[in-house]
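This report refers to the structure that appears directly beneath it.
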Amino acid sequence: MFGKILIANRGEIACRVIRTARRLGIRTVAVYSEADAAALHVAQADEAYPIGPAPARESYLSIPRLIAAAQRSGAEAVHPGYGFLSENAGFAEACAGAGIVFVGPPPSAIRAMGSKAAAKALMERAGVPLVPGYHGEAQDERHLAQAARHVGYPVLIKASAGGGGKGMRVVETPDKFAASLASAKREAASAFGDDRVLIEKYLTRPHHIEMQIFADRHGNAIHLFERDCSIQRRHQKVVEEAPAPGMSDERRHAMGEAAVAAACAVGYVGAGTVEFIAEGHAFYFMEMNTRLQVEHPVTEAITGLDLVDWQLRVAAGEKLPLRQEDVAARGHAVEVRLYAEDPARDFLPVTGRLRRLRMPDAASGLRIDTGVREGDTVSVHYDPMIAKVIAWGEDRGTALRRLAAGLARYRIAGLTTNRDFLLRVLRQPDFVAGAFDTGFIERHRAELLPVPAPAPRLALAAASLALLLEQAGAGSGDPHSPWHRRDFWRLNGASWRDLQWAEGEAPRLVRAYWRGPRYRLEIEGEASDAAAEITPAGDLAIDLDGRRAELTVLRQGDEVTVVGDDGSWRLLYIDPVAPRAAEAAAGGRLSAPMPGKVAQVLAAAGAKVKRGQALMVLEAMKMEHTIAAPADGTVERVNYAPGDLVEEGAELIGFAVEG
Ligand code: ADP
Ligand code: ADP
Ligand code: MG
């Protein structure tokens with residue numbers, strides 16, 4: 001076994017590899033970009049080396065820098081994690097060239113599976129079933145359109161070099177083919193530097209079922225059962241589980257054999273995943289991912305195995321620890337990917353600081369794989385995943401309940417996440433019954449992405465009491481801030497105080513009366529008895545008419561975020577003394593929160609606009625950021641046009657607050 005390994009990755013997967021290496025007594029070497037100097041994976045490793053600036057191209061994707069770090073550290077092996085260079089044959093070769101073991105398959109196997117089209121041709125010869133389609137060399141529109149007609153609509157255009165759901169277009173009718181082809185090719189060229197595509201019959205109610213396989217250098221190859229990853233948005237996985245609901249032993253056996261045959265056909269070594277699309281009784285090969293998969297923990301949970309441990313053993317030349325007949329599964333496991341993203345805005349990634357990050361405790365029985373800590377920033381440079389949360393149970397129902405209960409205990413504030421969305425998925429009756437396919441999220445959009453309900457009384461009470469407690473305990477910060485006014489109960493000699501909140505456009509009013517240690521709160525006219533205190537962890541423990549809850553309340557300026565078990569709400573405090581102070585301060589100029597490209601300009605110079613109205617849309621990586629009016633007012637200047645590149649902090653729009 002190795003004495004020291006380097007992890008050529010970051011975030012949760014780097015931390016996850018470090019955990020197993022530690023257990024095996026292997027020293028670990030982390031690498032980090034300038035953005036990651038204080039990251040968790042760096043803190044956890046025994047040694048760490050800087051590898052360049054934040055953009056991945058100049059750091060985590062720089063083969064020379066990674067090899068140099070490996071050589072300097074004296075690491076005997078490199079674990080690539082997933083993403084980045086994990087499926088890059090050139091990197092595997094560079095490692096070998098430097099006398100370092102690449103923890104993964106041989107470069108030839110990576111290459112063979114790197115192109116979906118070439119892989120399908122290979123699988124066809126190995127007798128693995130394929131989705132009807134075209135994966136030939138011809139790439140002109142006429143030929144491809146003809147292939148699509150032959151396959152029969154609807155069809156799916158896929159980038160041969162694709163991954164992460166990019167470069168894919170569903171085409172319903174022949175008249176849309178040309179436009180979809182052009183846009184798929186554009187996206188493929190920009191994402192993968194290769195615009196070749198293939199055509200597949202588009203299955204309308206399929207399951208994504210994949211087999212975990214493992215092979216060693218001694219001719220052994222086995223599978224470790226399947227995972228169902230059908231809950232997807234934009235063809236990307238959000239919920240994964242093992243075993244697949246409704247999977248029969250015969251089918252498991254057949255898919256396992258097909259997956260092992262696929263691996264053997266390319267001389268595979270190490271951990272790999274063969275992805276199938278299944279509909280009815282049929283299943284078809286889609287692609288093989290020649291690395292550890294994001295969702296491998298569900299397989300670990302049901303088999304009790306450590307796949308990173310196996311990867312390291314195989315890379316060190318050992319035999320697979322088990323034979324096929326010795327691998328057993330128990331119970332059911334489900335994983336959700338907790339992302340910094342906004343489900344309401346087409347799941348666009350979100351950036352920002354994790355001002356609060358509280359995870360469910362050990363008693364929840366969950367496995368949490370994460371690479372971030374409270375205070376960390378989710379940046380534009382990398383994947384916006386916050387954590388993978390995994391639950392195991394004797395049966396599926398138990399696993400789902402455990403996962404939902406644990407997820408409800410997560411407290412994240414400072415940026416938008418998909419937590420509430422994931423909770424709705426986990427509790428959706430069809431999903432709970434196991435009746436779903438890859439169209440699940442689309443089909444249940446209205447239910448899973450409801451129009452946000454107004455903040456409940458509990459949230460309004462929490463925001464108000466947090467404010468009152470902060471004011472009562474004020475002693476630090478700006479003494480002129482309305483948040484730090486000790487004497488408000490005496491203000492105007494009143495025995496009550498009106499707290500005016502705005503939720504979006506809607507005013508929400510709370511009147512608070514101080515009653516000894518408790519409060520009487522009139523929330524929109526209806527009275528409640530309440531008490532609250534700050535917990536040692538900094539949360540708000542509240543008692544509202546006898547109902548107790550612990551909520552996270554985070555204030556950023558006049559904006560207050562309340563996070564509870566069932567949701568998160570944003571309220572704006574309207575200060576009665578200086579009602580326009582915050583707005584006036586925000587006026588004058590609206591600047592770019594990060595470097596990016598102007599996607600849309602929605603208001604012209606001279607336009608009178610309302611507070612919150614979208615003025616410009618900025619695109620940074622694959623994210624869109626709306627620049628909105630901070631108050632009612634007038635647009636004085638628009639400094640950029642669609643397509644313009646802007647630096648961080650650049651003035652986008654000159655703005656005058658009304659009055
Ligand atoms: P899967 O998500 O099942 O592992 P995919 O082929 O769909 O397989 O996704 C490609 C992988 O690359 C994913 O694991 C994804 O999270 C990862 N990935 C994509 N972009 C990045 C990035 N910028 N940094 C790290 N990992 C990334
Ligand atoms: P990627 O490399 O982006 O992971 P895949 O070929 O694995 O690309 O496809 C991603 C997802 O798209 C699958 O998990 C599946 O949900 C969907 N998909 C792929 N092929 C088809 C198809 N022929 N019909 C319907 N859905 C498909
Ligand atoms: Mg895939």
Side-chain angles (χ1 to χ4, degrees), residues 338-345 347-348 350 352-358 360 374 386 404 407-427 446-470 483 498-512 519 521-526 528 530 532 534-535 537-545 547-575 582 611-612 626 628 630:
L338 185 59
Y339 277 111
E341 69 179 17
D342 190 353
R345 299 191 58 219
F347 300 98
L348 277 176
V350 165
R353 204 154 79 84
L354 288 159
R355 287 168 183 273
R356 286 291 171 79
L357 174 59
R358 257 197 289 282
E374 186 168 278
I386 296 168
L407 208 52
R409 297 190 75 89
Y410 243 103
R411 293 287 182 273
I412 305 173
L415 44 67
T416 305
T417 76
N418 65 346
R419 193 221 34 179
D420 299 344
F421 168 78
L422 292 172
L423 275 173
R424 284 192 289 269
V425 171
L426 295 178
R427 291 168 175 159
E447 193 179 338
L448 299 173
L449 298 165
V451 179
R457 295 173 64 78
L458 184 68
L460 283 167
S464 302
L465 293 176
L467 167 73
L468 296 176
L469 287 174
E470 186 178 344
W483 296 90
D498 279 338
L499 301 162
Q500 205 189 315
W501 300 97
E503 187 178 20
E505 294 293 297
R508 314 282 317 257
L509 187 72
V510 177
R511 178 169 287 184
Y519 298 84
L521 296 182
E522 286 176 14
I523 304 171
E524 291 170 337
E526 212 179 299
S528 282
I534 305 293
T535 68
D539 285 332
L540 187 81
I542 180 171
D543 170 346
L544 187 68
D545 295 325
R547 178 186 163 195
R548 294 170 162 280
E550 260 185 42
L551 303 164
T552 290
V553 182
L554 177 78
R555 178 169 76 78
Q556 292 165 273
D558 285 342
E559 189 180 277
V560 172
T561 307
V562 180
V563 187
D565 286 357
D566 303 313
S568 319
W569 303 275
R570 255 181 218 165
L571 297 162
L572 193 75
Y573 178 67
I574 311 291
D575 183 0
R611 174 200 167 83
T626 302

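Predicted, not measured: the structure shown is a model, and the values here were computed from it.
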Checklist line | Minimum side-chain heavy-atom gap Thr561-Trp569 below 4.5 Å | finding: no
Margin query: ring-ring contact (aromatic ring centres under 6.0 Å, His included), that's the test. Do Phe347 and Tyr339 meet it? Break it down for me.
Written below: CA-CA 9 Å; Phe347 300 98; Tyr339 277 111; 9.6 Å; no
Item checked: Test item: Arg355 side-chain N/O and Gly414 main-chain N/O as donor-acceptor pair under 3.5 Å -> no
Check: Are the side chain of Arg457 and the backbone N or O of Glu526 linked by a donor-acceptor pair below 3.5 Å?
Finding: yes
Checklist line | Carboxylate-amine/guanidinium proximity below 4.0 Å for Asp565 and Arg411 | finding: yes
Next item on the list: Please examine the side chains of Thr417 and Val350, heavy atoms only from C-beta on, and report whether any two atoms are closer than 4.5 Å.
Entry: no
Checklist line | Non-hydrogen atoms of Ala549 and Leu458 that approach each other most closely | finding: CB-CD2, 4.0 Å
Note to self: Between Asp420 and Ser568, is there a side-chain heavy-atom distance shorter than 4.5 Å?
What the structure shows: yes
Check: Is there a donor-acceptor contact under 3.5 Å from the side chain of Glu503 to the main chain of Ala455?
Finding: yes
Check: Any side-chain heavy-atom pair from Val560 and Leu554 closer than 4.5 angstrom?
Finding: no
Margin query: Run Glu470 and Arg555 through salt bridge (Lys or Arg N to Asp or Glu O under 4.0 Å) and show every step you take.
Written below: CA-CA 10 Å; Glu470 186 178 344; Arg555 178 169 76 78; 2.6 Å; yes
Item checked: SB check Glu374 Arg358 (cutoff 4.0 Å) -> yes
Check: If every non-hydrogen atom of Leu521 is compared with every non-hydrogen atom of Ala461, which pair is closest and at what distance?
Finding: CD1-CB, 3.7 Å
Margin query: Within the 4.5 Å heavy-atom criterion, are Leu460 and Leu499 side-chain neighbours or not?
Written below: no
Checklist line | Contact check, side chains of Pro507 and Trp501, non-hydrogen atoms, under 4.5 Å | finding: no
Margin query: For a quick test of reading the model, state the closest non-hydrogen atom pair linking Pro343 to Leu449 and the distance between them.
Written below: CB-CD2, 3.4 Å
Note to self: Taking atom CZ as the centre, does Arg511 end up with more than 12 heavy-atom neighbours from other residues, nucleotides or ligands that are less than 6.0 angstrom away?
What the structure shows: yes
Next item on the list: For the residue pair Thr416 and Arg570, establish whether any side-chain heavy-atom pair is separated by less than 4.5 Å.
Entry: yes
Notebook entry, point to check: Is the closest side-chain heavy-atom distance between Asp539 and Ile534 below 4.5 Å?
Noted result: no
